[in-house]
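Note that ligands are numbered from 1 as they come in the structure, with each ligand's atoms numbered from 1 the same way.
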Amino acid sequence: MCGIVAAAADKNIVPILVEGLKKLEYRGYDSAGLAVIGADRIERVRSVGRVAELESASADTASPTGIAHTRWATHGVPSERNAHPHVSGSIAVVHNGIIENYESLRSELTAQGYVFTSDTDTETIAHLVDQLLKSDRDLFRAVQAACRRLVGAYAIAVIDHSQPGRVIVSREGSPLLLGLGDDGNYAASDASALLQVTRKMVYLENGDIAELSRDGVRIERLDGTPVERPVHVSELSAAAVELGNFRHYMQKEIFEQPEALANTLEIVGGSKTIQPGIFGAEAATLLNDVDHILILACGTSAHSGMTARYWLEAVAGVPCTVEIASEYRYRTSVPNPRQLIVAISQSGETADTLAALRHAKSLGQTKTLAICNVPESAIVRESALRFITRAGPEIGVASTKAFTTQLAALFLLTLVVAKVRGQLGADQESAYIDQLRHLPVAVNKVLTLEDEITVWARRFADKQHALFLGRGRHYPIALEGALKLKEISYIHAEAYPAGELKHGPLALVDANMPVISVAPADDLLEKLKSNLQEVRARGGELYVFADADSEIPESEGVHMLRLPEHYGLLSPILHVIPLQLLSYHAALVKGTDVDKPRNLAKSVTVE
Ligand code: M6R
């Protein structure tokens, strides 16, 4: 998704803007641009492609005040003319999100003589602010009035050449925060862009408008009421977003999983029991009369929810449904006030998941829990309970360490709900906690399979299609494997519960269709083996991820890799790791842009 950086300081801020955009690259984008207040006009530089190109193109630009943007196209193709900032008269604007009433605004402004030079909805904001400035020369008031006319989701930053030293920002729906520095003040779509200048962050609320100047910030609501927002000191580590020795962030993040899991599970400490309080002070009371769990999420986060459903029903005995957030938010559903709503999201800003959470609350379902990797995110702020995974910043668009830490969090939730419902004996609880604690070591051992997985990846990287099979709690892992492969290698991949094969997909199987199977030694292994025979009988080549206890013989057309341990209920957390590595290496062979796959964005803040 688009990214914004803005600055008003007492020095040249162009290097800060560019560095900030680099930190936002992970969100996905197709063009970039910046505008600064120059000596006699707005100076604007835009480029299609990478921020590095913008950096070269802006090498001679300097100013203490400016705005910058990475654009992920919504209205209009990726091109220089559609890249932000958009300029009207003396002002320049950058914008994230979508303005839903832009067509009527565009007609109105065209009728007043404004000429549009792009296909974007953003340009309407530029002209609207310019038009409002004609009646009130104060930029803050003009932007405030303009925002009152916008319908949709947005975060914007505006500068005016005739009012140097000022940047006006506002948000409704899209993320935006302020950074309070010693030599200036800043704004950005997320904290990682501003760690270079400050750790002091102020998170704007929807409907806030703020002015940044070298000397301070002031915030009002759109109706003109002044507000104060608390200052948070960010704990994000600047080093956490560096690539280090790895070739790609995805590879780095796959290998960070032992540490990410250890950090996430630190909350349990050395204890033999866990308390509901790890989900928030209210958790014990709130979970007490829960009779159903509804999990809402998108993409990889939905797969962690699907895995958790097997745990929650089997261990805690609580009925559980998992819904794709974009479906739930628009569906007429039957509300249940005793239902716990669990919103799972790495970013905590995914528009559909946030909207689904709000929709669930609007139906009177107030028992809400966020499982999220970003403590200050909207989904966390709007949920009654929270569990913050401690995966650290995830830069690669393909989610890896966020997924396994979500699974760890969801297993903790399973144990807590089971306890509250009187379904968990002390011995069993302590055994599960020991297993959780051993996870980082177990994951490390799985990572040693990388070389063998690389050989597999080379063998099927030239294929057009792939089929992933799993059963029971490993079916969502097969889904996740297929999503990873298609997302970064562009090989078409689908996943099925293996028992469904003969109900249709078996027709696709021939020697050109690699079939990847997750086959741990669980109570469905014998059934799965029969399904694998069905594949082999049709000439399909099998790539099987078994574990230490699965008895599956290797034979012609049946390639086997054994995970070092059998991991019982927690086995999905181990089994997804070879699938992540397989996709990563297949993508490397194919030469795709692993960390920024085409058409995708890291943080999907529009629906
Ligand atoms: O930030 P979220 O977890 O809410 O994101 C949800 C999906 O957009 C995300 O998991 C997406 O599917 C990933 N790119 C998959 O690797």
Side-chain angles (χ1 to χ4, degrees), residues 1 26-29 72 174-175 189-190 192 248-251 253-254 257 260 295-308 322-329 342-358 369-383 386-389 391-407 409-410 468 476-477 479-491 493 495 576-577 579-584 586-587 592-607:
M1 290 295 108
Y26 75 92
R27 297 163 71 90
Y29 69 104
W72 188 76
S174 298
S189 302
D190 77 40
S192 63
H248 295 96
Y249 284 108
M250 181 180 180
Q251 187 190 28
E253 288 156 9
I254 291 172
Q257 288 178 106
I295 298 179
L296 302 170
C298 302
T300 288
S301 295
H303 295 156
S304 72
M306 289 172 75
T307 312
V322 185
E323 273 209 59
I324 296 295
S326 55
E327 287 296 311
Y328 175 76
R329 64 182 287 195
V342 181
I344 309 175
S345 173
Q346 184 283 129
S347 61
E349 301 287 351
T350 298
D352 282 320
T353 309
L354 181 58
L357 171 68
R358 287 177 180 161
L369 163 67
I371 293 187
C372 189
N373 197 38
V374 182
E376 305 93 350
S377 63
I379 288 175
V380 171
R381 283 184 276 130
E382 296 190 23
S383 298
R386 77 257 343 250
F387 186 97
I388 307 302
T389 52
E394 193 180 63
I395 309 294
V397 164
S399 193
T400 53
K401 60 179 181 170
F403 179 69
T404 44
T405 53
Q406 283 167 357
L407 288 176
L410 287 160
F468 285 71
I477 298 306
L479 282 169
E480 176 60 8
L483 176 61
K484 284 291 90 87
L485 189 69
K486 68 182 113 179
E487 179 174 33
I488 59 164
S489 76
Y490 315 151
I491 295 172
V576 75
I577 287 164
L579 301 187
Q580 297 167 345
L581 285 168
L582 190 66
S583 308
Y584 173 69
T592 59
D593 194 348
V594 174
D595 286 331
K596 301 181 202 79
R598 67 186 180 200
N599 307 338
L600 298 181
K602 180 66 184 167
S603 184
V604 187
T605 52
V606 294
E607 69 168 299

Inset, instruction - Flag Val397 as yes when one of its N or O atoms lies below 3.5 Å from any N or O atom of ligand 1, and as no otherwise. - result: yes
Inset, instruction - Can you pull out the closest protein heavy atom to atom 1 (O) of ligand 1? Residue, atom name and distance to 0.1 Å, please. - result: Ser347 OG, 2.7 Å
Legend entry - Which of the ligand 1 atoms, numbered from 1, are nearer than 4.0 Å to a heavy atom of Ala398: 16 (O)
Inset, instruction - Without swapping roles, check the side chain of Gln257 against the backbone of Ile254 for a donor-acceptor pair under 3.5 Å. - result: yes
Inset, instruction - Report yes if Glu487 has an N/O atom closer than 3.5 Å to an N/O atom of ligand 1; otherwise report no. - result: yes
Inset, instruction - Say whether, by atom type as modelled, one donor and one acceptor occur between the side chain of Glu349 and the main chain of Val604 under 3.5 angstrom. - result: no
Inset, instruction - Return yes if some donor-acceptor pair links the side-chain N/O of Asn373 with the main-chain N/O of Gly392 below 3.5 Å, else return no. - result: yes
Inset, instruction - Could you tell me the residue and atom name of the protein heavy atom closest to atom 10 (O) of ligand 1, and the distance to it rounded to 0.1 Å? - result: Thr300 N, 3.1 Å
Inset, instruction - Look at atom 8 (O) of ligand 1 and say which protein heavy atom is nearest, naming residue and atom and giving the distance to 0.1 Å. - result: Val604 CG2, 3.9 Å
Inset, instruction - Distance to 0.1 Å, residue and atom name: give those for the protein heavy atom nearest to atom 7 (C) of ligand 1. - result: Cys298 O, 3.7 Å
Legend entry - Donor-acceptor contact present, side-chain Ser489 to main-chain Ile491, <3.5 Å: yes
Inset, instruction - Could you tell me which atoms of ligand 1, counted from 1 in the order shown, lie closer than 4.0 angstrom to a heavy atom of Thr350? - result: 1 (O), 2 (P), 4 (O), 5 (O)
Inset, instruction - Would you mind listing which atoms of ligand 1 come within a distance below 4.0 Å of any non-hydrogen atom of Ser301? - result: 2 (P), 3 (O), 10 (O)
Inset, instruction - For Glu253 and Ser399, indicate whether the former's side chain and the latter's backbone hold a donor-acceptor pair under 3.5 Å. - result: no
Inset, instruction - State, with a plain yes or no, whether a side-chain heavy atom of Val576 is found less than 4.5 Å away from one of Phe403. - result: yes
Legend entry - Salt bridge flag under 4.0 Å for residues Glu394 and Lys401: no
Legend entry - Whether Thr389 side chain and Cys372 backbone form a donor-acceptor pair below 3.5 Å: yes
Legend entry - Contacting atoms of ligand 1, where contact means under 4.0 angstrom from a heavy atom of Ser345: 1 (O), 2 (P), 3 (O), 4 (O)
Inset, instruction - State the atoms of ligand 1, each with its element, that fall below the 4.0 Å cut-off from a heavy-atom position in Gln346. - result: 1 (O), 2 (P), 3 (O), 4 (O)
Legend entry - Within-cut-off N or O pair, Lys484 and ligand 1, under 3.5 Å: yes
Inset, instruction - Output yes when the distance from some N or O of ligand 1 to some N or O of Thr353 is under 3.5 Å, and no in every other case. - result: no
Inset, instruction - For the pair Asp593 and Arg598, find out whether any cationic side-chain nitrogen is under 4.0 Å from an anionic carboxylate oxygen. - result: no
